[in-house]
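Here's the structure, in structure tokens; my notes come after.
Positions are given from 1 along the sequence. Treat the numbers as computed from the prediction; the structure is a model and nothing was measured. All values below come from the heavy atoms of this structure, side chains included, with hydrogens, waters and symmetry mates left out.
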Amino acid sequence: MIHVETDTDLCIASGVCAMTAPAVFDQDADSGLVVLLDADPGEEQTAAVREAATLCPNAVISLIER
């Protein structure tokens, strides 16, 4: 199981996370910054969350293995 954290101070609103793992990430309607929908996603979301963290251009997604 993974725990997800994001740093909106570093987010550049690329939207890659929301496109890659839409069940876990969204974008704020006004700022476009990452919105974390589920900090403890299920196993079915793990691959998409890992890909979103890898693709994030500013590395604002942290994954903590549990």
Side-chain angles (χ1 to χ4, degrees):
M1 180 175 205
I2 57 173
H3 176 75
V4 182
E5 295 181 356
T6 58
D7 186 344
T8 54
D9 291 337
L10 298 177
C11 182
I12 59 171
S14 72
V16 172
C17 57
M19 290 185 285
T20 306
V24 178
F25 305 102
D26 199 356
Q27 288 182 274
D28 180 84
D30 295 324
S31 68
L33 298 177
V34 63
V35 175
L36 182 59
L37 301 174
D38 186 358
D40 297 301
E43 295 288 328
E44 70 280 2
Q45 295 297 322
T46 299
V49 170
R50 288 186 194 284
E51 184 175 5
T54 299
L55 295 175
C56 178
N58 224 26
V60 305
I61 301 169
S62 298
L63 304 180
I64 301 165
E65 301 290 335
R66 291 188 171 174

Do you reckon [X] sits in the same ILVMFWY cluster as [Y], going by side-chain contacts under 4.5 Å, direct or chained?
X     : Y     : value
Phe25 : Val60 : yes
Val49 : Leu36 : yes
Ile64 : Leu10 : no

- Message: For a 4.5 angstrom cut-off between non-hydrogen side-chain atoms, does Asp40 reach Arg66?
- Response: yes
- Decide yes or no for Val4 and Ile61: does some side-chain heavy atom of the first lie under 4.5 Å from some side-chain heavy atom of the second? yes
Between [X] and [Y], what is the shortest heavy-atom contact and its length?
X     : Y     : value
Ser14 : Met19 : O-CE, 4.3 Å
Pro22 : Leu37 : O-CD1, 3.6 Å
Met1  : Pro41 : CE-O, 4.4 Å
Thr20 : Ala52 : CG2-N, 3.7 Å
Ala53 : Leu63 : CB-CD1, 4.0 Å
Gly32 : Gln27 : O-NE2, 2.8 Å

- Query: Stepwise, does the side-chain contact (heavy atoms from CB on, under 4.5 Å) test hold for Thr8 with Val34?
  - Reply: CA-CA 6 Å; Thr8 54; Val34 63; 3.9 Å; yes
Atom pair [atom1]/[atom2] of [X] and [Y] - distance to nearest 0.5 Å:
X     : Y     : atom1 : atom2 : result
Cys17 : Asn58 : SG    : CG    : 11.5 Å
Ile2  : Ser62 : CD1   : OG    : 11.5 Å
Asp9  : Leu33 : CG    : CG    : 9.0 Å

